[in-house]
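Each remark here refers to the structure printed beneath this line.
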Amino acid sequence: MRAMVMDRVGGPLEVREVPDPVPPAGGVVVRVHATGLCRSDWHAWAGHEDVVLPHVPGHELAGVVSAVGTGVARWSAGDRVTVPFTCGCGRCGWCLSGNAQVCPDQQQPGFTYWGSFAQYVALPAADVNLVRIPAEVSFEAAAALGCRFATAYRALAGRARLASGEWLTVIGAGGVGLSVVMIARALGASVIAVDRNPEALEAASALGASHTLASDGTDSSDVASRVHEITDGGSHVAVDALGSEGACTDSIMSLRRHGRHVQIGLQPPALGNPRLPMARVIAWELDLLGTHGMAAVDYPPMLALIQGGILRPQQLIGRVISLDEAASLLPRFDRARLAGMTMIDPRRP
Ligand SMILES: [Zn+2]
Ligand SMILES: [Zn+2]
């Protein structure tokens, strides 16, 4: 098959022929129809995550089952499927209690083994991890769910328990930030979106953000005081959808008393642990919440909102490109000013 191969950290990415994957016991192989390019792929390329070289990135995917391993009960060739980027082992107490997203033995395509920037990808523990794509949901929209959209959904609905009528502030209006905007509006919240990229802020407005704030991430842009003014005392929920010390601090400082901060953006230990305003966390009794993808068992309520047309992840897709185009884009993905999500179709020549 053709795949995008990373031979060294921070080096050029090459699309070339590699051996086809075979389905593991309990797992399947999927022919990839759509796979999203995400900031996490850039982190792995830049050496902020441990990957075994040579490596194939790609963790947000949708496609069609092409081969089925031994012991798989629920899936057969031809099924349209997607998968959370956190694939549980299917056997431990966390997986059995519906929390595969924090499974200690989880696998992540594109991080712990070869991922979906390829024509085919193997997926483990299919009966626990695979999600059937409803007929009315496209492969591109389904691929958007696996990492950023599902993570945003769980962050707001599952972790922060965002309620109708509350204020939500999101720092960073990239793929996951725009997902946060869309889901927060669907849950009845009012949204303030913060980003340095005017196109990203326009996209956030189009998706229903009532206020947008331009910020270059420095103290002088003073995001928190502007949010406090708009919301008359601070946001009920705030999200760092970027992953930096500054974004996390802006999120925490934007909150009102008893507010809830959710950390979605990665803060790789290789970049150093962030210094955070813990005095404010203590004095205002703020909640700091982590979130890590979403288990397959939690997909049905989100899929119901998509089938009902209330959530439209397809609106987040800015462009669809080939593997070759993606290979040249990924190394500059942290600097590329792209509004919306970038999808790869590995079937394109
Ligand atoms: Zn991702
Ligand atoms: Zn497990």
Side-chain angles (χ1 to χ4, degrees), residues 1-21 30-63 85 108-121 138-144 146-149 172-179 195-200 203 241-244 265-266 268 270-271 314 316-349:
M1 67 170 181
R2 293 175 80 237
M4 182 203 295
V5 183
M6 169 180 161
D7 290 301
R8 61 184 173 85
V9 169
L13 296 149
E14 188 187 27
V15 179
R16 63 172 185 249
E17 290 287 326
V18 300
D20 285 355
V30 165
R31 184 176 188 219
V32 182
H33 286 230
T35 178
L37 186 53
C38 170
R39 195 175 164 86
S40 308
D41 300 309
W42 177 82
H43 277 301
W45 171 83
H48 305 154
E49 307 257 346
D50 285 328
V51 296
V52 177
L53 300 171
H55 180 65
V56 175
H59 60 280
E60 314 180 347
L61 68 116
F85 77 92
Q108 300 177 5
F111 297 107
T112 64
Y113 71 101
W114 281 17
S116 54
F117 291 172
Q119 289 177 301
Y120 295 92
V121 64
S138 71
F139 286 112
E140 279 90 5
C147 167
R148 290 170 281 181
F149 201 82
V176 76
L178 292 178
S179 303
D195 203 285
R196 61 180 176 170
N197 178 358
E199 282 180 48
L242 184 64
S244 74
L266 298 181
L271 299 182
Q314 61 274 18
L316 299 169
I317 297 163
R319 67 208 59 80
V320 182
I321 62 177
S322 68
L323 276 176
D324 285 297
E325 290 168 308
S328 66
L329 175 59
L330 200 160
R332 53 188 174 88
F333 196 67
D334 65 319
R335 288 164 288 134
R337 291 199 164 198
L338 299 168
M341 292 189 185
T342 300
M343 277 295 152
I344 303 165
D345 182 349
R347 298 168 303 165
R348 289 194 181 187

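Keep in mind that what you see is a predicted model, and the values were worked out from it rather than measured. What you see below is based on every heavy atom in this structure, not just the backbone, and it leaves out hydrogens, waters and symmetry mates.
- Shown here are the side-chain hydrogen bond (donor to acceptor under 3.5 Å, both in side chains) partners of Asp345, two or more places apart in sequence or in another chain: Arg347.
- Met4 CE to Leu330 CG: the interatomic distance, rounded to the nearest 0.5 Å, is 5.5 Å.
- Residues passing the salt bridge (Lys or Arg N to Asp or Glu O under 4.0 Å) test with Asp7, sequence neighbours excluded: Arg16.
- With sequence neighbours left out, the side-chain hydrogen bond (donor to acceptor under 3.5 Å, both in side chains) criterion links Ser116 to Thr35.
- Remark: Phe85 CZ to Arg148 CZ distance equals 11.5 Å, nearest 0.5 Å.
- Qualifying side-chain contact (heavy atoms from CB on, under 4.5 Å) partners for Arg332, counting only residues two or more places apart in sequence or in other chains: Leu329, Arg335.
- Between Phe111 and His59, the ring planes are tilted. Angles from 30° to 60° get that label.
- Across every non-hydrogen atom of Asp41 and Gly36, the tightest pair is OD2-O, 3.7 Å.
- Tyr120 is linked by a ring-ring contact (aromatic ring centres under 6.0 Å, His included) to nothing, counting only residues two or more places apart in sequence or in another chain.
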Subject >> Val320/Arg348 under side-chain contact (heavy atoms from CB on, under 4.5 Å): CA gap, chis, key distance, verdict >> reply: CA-CA 10 Å; Val320 182; Arg348 289 194 181 187; 3.6 Å; yes
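- Taking both residues in full, the closest heavy atoms of Ala241 and Gly172 are given as CB-O, 3.7 Å, listed atom of the first, atom of the second, then distance.
- Taking all atoms of both residues into account, the shortest heavy-atom contact from Met6 to Ala44 is CE-O, 3.5 Å.
- Atom-to-atom distance recorded for Phe333:CZ and Leu37:CG is 4.5 Å, nearest 0.5 angstrom.
- Annotation: side chain to side chain donor-acceptor pair (under 3.5 Å) contacts involving residues 317-327, sequence neighbours excluded, comprise Arg2-Asp324, Arg319-Thr342, Ser322-Glu325.
- Among all heavy-atom pairs drawn from Ser179 and Leu316, the shortest one is OG-CD1, 3.3 Å.
- Nearest approach of Ala327 to Val15, heavy atoms of both residues: CB-CG2, 4.1 Å.
- With sequence neighbours excluded, no residue satisfies side-chain hydrogen bond (donor to acceptor under 3.5 Å, both in side chains) with Asp195.
- Here side chain to side chain donor-acceptor pair (under 3.5 Å) pairs that include residues 45-58, with residues two or more places apart or in two chains, are His43-His48.
- With sequence neighbours left out, the side-chain contact (heavy atoms from CB on, under 4.5 Å) criterion links Ala118 to Met1, Ala3, Val56.
- Side-chain contact between Glu60 and Ser40 is absent, with no heavy-atom pair separated by less than 4.5 Å.
- Across every non-hydrogen atom of Val5 and Val18, the tightest pair is CG2-CG1, 3.8 Å.
- Partners of Thr112 under the side-chain contact (heavy atoms from CB on, under 4.5 Å) rule, at least two apart in sequence or in another chain, are Gln107, Gln108.
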Original post:
When you look at Phe117 and Leu13, which way does the side-chain contact (heavy atoms from CB on, under 4.5 Å) test go after all the steps?
Top reply: CA-CA 11 Å; Phe117 291 172; Leu13 296 149; over 6 Å; no
